[in-house]
Participant: 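Structure provided below as structure tokens; questions to follow.
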Amino acid sequence: MAGAGVFSEILDGDAYKYYSNGEWKKSSSGKTVAIVNPTTRKTQYKVQACTQEEVNNVMELAKSAQKTWAKTPLWKRAELLHKAAAILKEHKAPIAECLIKEIAKPAKDSVTEVVRSGDLISYTAEEGVRILGEGKFLVSDSFPGNERTKYCLTSKIPLGVVLAIPPFNYPVNLAVSKIGPALIAGNSLVLKPPTQGAVSCLHMVHCFHLAGFPKGLISCVTGKGSEIGDFLTMHPGVNCISFTGGDTGISISKKAGMIPLQMELGGKDACIVLEDADLDLVAANIIKGGFSYSGQRCTAIKVVLVMESVADALVEKVKARVAKLRIGPPEDDCDITPVVTESSANFIEGLVMDAKDKGATFCQQYKREGNLIWPLLLDNVRPDMRIAWEEPFGPILPVIRINSVEEGIHHCNASNFGLQGCVFTKDINKAMLISDAMETGTVQINSAPARGPDHFPFQGLKDSGIGSQGITNSIDMMTKVKTTVINLPSPSYSMG
Ligand code: NAP
């Protein structure tokens, strides 16, 4: 159970503590932040509202702990990560329980998120041992005008203190996708979890605590992003920010100083459907891609661009599958569960009403109870409707009918986002041409967009992000190359 057994020390009365210097603490602010259960709309948990002084303190601790950690052998860092991964998986049930209560993630998917996170940590440890254990050796005579008088040795060094800020929709998985790479590379880590998802993150952090990481190396400060976010992201003690979320990331990138940034932001993933596509496959992927976790995924299909000649048939197939979706609470493992907050539900409703006013065809009746919104397919959407461009982050999917592939590519590329996209066709040559033409970080051929498997590179163009994630890329991003050059008194050629 959450907050019980090995997790009892992270709870104080009805409020969860924050993590600093290897200990669970109450904030001196005396204030807490309420986490509202999206299903019941009642306060489920409370977390500490940390102060600026407490943030200063964890930054100081992180700075000094990192120096010792950087001197810890790579195999030992990996060993501790493997241990944390095993403990996390062992405690998947209470952590999944938090995900269900905090973010209304369906029960099975909540368990999957925790198990996948354990696997991600283990893979990161293995990958880190390999890629951080190697460097380059360069010789000077390959550049014109040089003799072989210089030997250059490169290695990857840690950056220092990494600030990790994940979003609500995968709070555990997107936290460990930052924590694992940061730690294996010899950095220390300060985590600011999303408010919805904070308690799941605190349980996950406790698994790292139980694994026995050194004091101060990992900290977790809680509080509303709008209140402590700026103080954290502009803190002089931070050497790297890895952020996943919405437009907040754009403002963070404007305020952060001269430090490496990894930004994984929003998306408006297009699904381009050609005339020769297998429409049953497309319909199945539209359901999976557009409606899993009620559309609250960065890589959800967020607009369908279908050739007019097959549009009627596709819409009918999708409608039939929408009718089979189970709608209700996450505890019952329903397909469509309440969206994360009331303000999200209001925002989604605004997009629906705009589409209604402008004449979109409603394939189902619009229905909402509290934060629970019934899945809705909107046909005949036109570019003057907000839903054609904005990210609903809810179970609402627009269909735009196109008369040429170029029209579909044009709509995709006119978006300010560029996360992923997908194309359905049996013609691989056409698929490749379309993939090359789409301005997105990834294009999936004959499948819905998805982040993962977690070792695949994952990146967004334009407003969808800076840099690239995926285990190897994240490790690289959280290191800097250092070179040492050996200067010889005279040219030296092997076997010369
Ligand atoms: P969000 O509102 O941008 O919040 C993300 C994180 O930023 C949360 O931890 C939030 O904390 C924190 N935050 C808020 N204000 C801040 C500030 N001023 N400074 C620093 N941190 C601040 O996003 P969300 O609603 O959680 O997640 C949905 C968005 O994430 C969607 O746009 C989705 O597409 C995107 N997303 C992208 C990816 C990707 O990999 N590309 C993956 C998943 C989600 P609080 O919760 O306390 O406000």
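All ligand and atom numbering here is 1-based and tracks the order in the structure.
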Participant: For Y123, what residues pass the ring-ring contact (aromatic ring centres under 6.0 Å, His included) criterion, not counting sequence neighbours?
Facilitator: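 Y123 satisfies ring-ring contact (aromatic ring centres under 6.0 Å, His included) with H455 once adjacent residues are dropped.
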
Participant: Do you know which two heavy atoms are closest between K268 and I387, and how far apart they sit?
Facilitator: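 Here K268 and I387 meet closest at NZ-O, 2.7 Å.
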
Participant: Which atom names give the shortest non-hydrogen contact between V238 and C240, and what distance separates them?
Facilitator: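 V238 and C240 have their closest heavy atoms at CG1-O, 3.3 Å.
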
Participant: Taking atom 35 (C) of ligand 1 as the point of reference, which of P167, P171, G245 owns the nearest heavy atom?
Facilitator: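 Comparing heavy atoms across P167, P171, G245, the nearest one to atom 35 (C) of ligand 1 lies in G245.
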
Participant: Between S188 and Q66, do the side chains contain an N or O donor and an N or O acceptor separated by less than 3.5 Å?
Facilitator: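 On atom types as modelled, these side chains do not qualify, holding no pair under 3.5 Å.
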
Participant: Examine the proximity of ligand 1 to F393 and report which part, side chain or backbone, both or neither, has a heavy atom under 4.0 Å away.
Facilitator: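 Side chain only; the backbone of F393 stays clear of ligand 1.
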
Participant: Without swapping roles, check the side chain of W374 against the backbone of I327 for a donor-acceptor pair under 3.5 Å.
Facilitator: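 Answer holds: no.
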
Participant: Could you pull out, from G460, G267, G246, G266, the option with a heavy atom nearest to atom 1 (P) of ligand 1?
Facilitator: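 Going through G460, G267, G246, G266 one by one, G246 has the nearest heavy atom to atom 1 (P) of ligand 1.
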
Participant: Using a plain distance cutoff, I'd like to know if F458 has any nitrogen or oxygen under 3.5 Å from a nitrogen or oxygen of ligand 1.
Facilitator: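 No: no nitrogen or oxygen of F458 is under 3.5 Å from one in ligand 1.
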
Participant: Return yes if a side-chain donor-acceptor contact under 3.5 Å exists between T124 and E127, otherwise no.
Facilitator: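 No - no donor-acceptor pair under 3.5 Å links their side chains.
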
Participant: Under 4.0 Å from any heavy atom of C298, which atoms of ligand 1 are there?
Facilitator: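 Numbered from 1, ligand 1 contributes 34 (O), 36 (N), 37 (C), 38 (C), 39 (C), 40 (O), 41 (N), 42 (C), 43 (C), 44 (C).
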
Participant: List every atom of ligand 1 that sits less than 4.0 Å from any heavy atom of D230, numbering the atoms from 1 in the order shown and giving each element.
Facilitator: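 Once the distances to D230 are compared, the set is 18 (N), 19 (N).
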
Participant: Give me the residue, atom name and distance of the protein heavy atom closest to atom 2 (O) of ligand 1.
Facilitator: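 Looking only at protein heavy atoms, the one closest to atom 2 (O) of ligand 1 is T248 OG1, 4.0 Å.
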
Participant: Answer with side chain, backbone, both or neither: which part of T299 has a heavy atom less than 4.0 angstrom from an atom of ligand 1?
Facilitator: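 Contact part for T299 vs ligand 1: neither.
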
Participant: Taking the minimum heavy-atom distance to atom 45 (P) of ligand 1, which of T195, V47, I250 ranks first?
Facilitator: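 Nearest option to atom 45 (P) of ligand 1, by heavy atoms: T195.
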
Participant: Does G249 come within less than 4.0 Å of ligand 1, judged by its heavy atoms?
Facilitator: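 Per 4.0 Å heavy-atom rule, G249 does not contact ligand 1.
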
Participant: K192 to ligand 1: N or O pair under 3.5 Å?
Facilitator: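 Between K192 and ligand 1, an N or O pair is found under 3.5 Å apart.
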
Participant: Taking the non-hydrogen atoms of L174, is any one of them nearer than 4.0 angstrom to ligand 1?
Facilitator: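 L174: in contact with ligand 1 (<4.0 Å).
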
Participant: Provide the number and element of each atom of ligand 1 under 4.0 Å from a heavy atom of G223.
Facilitator: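 Counting atoms of ligand 1 from 1, those under 4.0 Å from G223 are 47 (O).
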
Participant: May I ask you to list the atoms of ligand 1 that are less than 4.0 angstrom from any heavy atom of T244?
Facilitator: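 Result: 5 (C), 37 (C), 38 (C), 39 (C), 40 (O), 42 (C), 43 (C).
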
Participant: Which is it for P166 and ligand 1 at heavy atoms under 4.0 Å: side chain, backbone, both or neither?
Facilitator: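 Under 4.0 Å from ligand 1, P166 contributes backbone atoms alone.
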
Participant: Determine whether the side chain, the backbone, both or neither of K224 has a heavy atom under 4.0 Å from any heavy atom of ligand 1.
Facilitator: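 Backbone only.
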
Participant: Show every donor-acceptor pair shorter than 3.5 Å between a side-chain atom in residues 219-232 and any protein atom, with sequence neighbours excluded, or say none if there are none.
Facilitator:
| residue | atom | partner | partner atom | Å |
| --- | --- | --- | --- | --- |
| T222 | OG1 | Q48 | O | 2.7 |
| D230 | OD1 | K255 | NZ | 2.8 |
| D230 | OD2 | K255 | NZ | 3.2 |

Participant: Determine the minimum heavy-atom distance between S464 and G418, stating which atoms define it.
Facilitator: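 Closest approach of S464 to G418: OG-N, 2.8 Å.
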
Participant: Heavy atom to atom 26 (O) of ligand 1, shortest distance: which of F231, F168, F417, F243 holds it?
Facilitator: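 That would be F168.
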
Participant: Could you identify the single nearest non-hydrogen protein atom to atom 20 (C) of ligand 1 and state the distance to 0.1 Å?
Facilitator: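 Nearest neighbour among protein heavy atoms for atom 20 (C) of ligand 1, to 0.1 Å: G229 CA, 3.4 Å.
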
Participant: Check each heavy atom of V340 against ligand 1 and say whether those closer than 4.0 Å belong to the side chain, the backbone, both or neither.
Facilitator: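 Neither; no heavy atom under 4.0 Å.
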
Participant: Taking atom OH of Y16 and atom CD1 of I10, what is their separation to the nearest 0.5 Å?
Facilitator: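 Interatomic distance, Y16 OH to I10 CD1, rounded to 0.5 Å: 5.5 Å.
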
Participant: Closest heavy-atom contact between C271 and I301?
Facilitator: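 So the minimum-distance heavy-atom pair works out to CB-CG2, 3.7 Å.
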
Participant: For D247, which part has a heavy atom under 4.0 Å from ligand 1: side chain, backbone, both, or neither?
Facilitator: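 It is neither; nothing of D247 touches ligand 1.
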
Participant: Suppose we measure from atom 41 (N) of ligand 1 to each protein heavy atom; which comes out shortest, and what is that distance?
Facilitator: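 Ranked first by proximity to atom 41 (N) of ligand 1 is L265 O, 2.7 Å.
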
Participant: Could you walk me through whether E113 and Y293 pass the side chain to side chain contact (heavy atoms under 4.5 Å, CB included) check?
Facilitator: CA-CA 12 Å; E113 176 170 346; Y293 188 33; over 6 Å; no

Participant: Going by atom types only, do S200 and E102 share a side-chain donor-acceptor pair under 3.5 Å?
Facilitator: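 Their side chains do contain a donor-acceptor pair, which is all the 3.5 Å distance test asks for.
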
Participant: Provide the number and element of each atom of ligand 1 under 4.0 Å from a heavy atom of N169.
Facilitator: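 Near N169, the atoms of ligand 1 are 43 (C), 44 (C).
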
Participant: With heavy atoms of L419 as the reference, note each atom of ligand 1 found under 4.0 Å away.
Facilitator: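 Counting from 1, the qualifying ligand atoms are 41 (N).
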
Participant: Determine whether a donor-acceptor pair (N or O, by modelled atom type, separation under 3.5 Å) exists between the side chain of N371 and the backbone of P38.
Facilitator: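 Yes, the answer is positive, given that a donor and an acceptor are paired below the 3.5 Å cut-off.
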
Participant: Can you confirm whether the side chains of K178 and T244 place a donor and an acceptor under 3.5 Å from each other?
Facilitator: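 T244 and K178 do have a side-chain donor-acceptor pair below 3.5 Å.
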
Participant: Atoms of ligand 1 less than 4.0 Å from E264 heavy atoms?
Facilitator: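 So the atoms of ligand 1 that pass are 37 (C), 38 (C), 39 (C), 40 (O), 41 (N).
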
Participant: Determine whether the side chain, the backbone, both or neither of E391 has a heavy atom under 4.0 Å from any heavy atom of ligand 1.
Facilitator: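 The part of E391 near ligand 1 is the side chain, not the backbone.
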
Participant: Note the single closest protein heavy atom to atom 21 (N) of ligand 1, along with its residue, its atom name and the distance in Å.
Facilitator: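 That would be I165 CD1, 3.8 Å.
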
Participant: Is atom 4 (O) of ligand 1 in close reach of the protein, with a heavy atom under 4.0 Å away?
Facilitator: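 For atom 4 (O) of ligand 1 the answer is no, since every protein heavy atom stays at 4.0 Å or beyond.
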
Participant: Could you tell me whether a side-chain N or O of E391 sits under 3.5 Å from a main-chain N or O of G267, the two making a donor and an acceptor?
Facilitator: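 It does hold such a pair.
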
Participant: Quick one: nearest non-hydrogen protein atom to atom 13 (N) of ligand 1, plus distance?
Facilitator: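 Ranked first by proximity to atom 13 (N) of ligand 1 is G225 CA, 3.7 Å.
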
Participant: Without hydrogens or angle criteria, can the side chains of E54 and S27 be said to hold a donor-acceptor pair below 3.5 Å?
Facilitator: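 Result is yes, a qualifying pair exists.
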
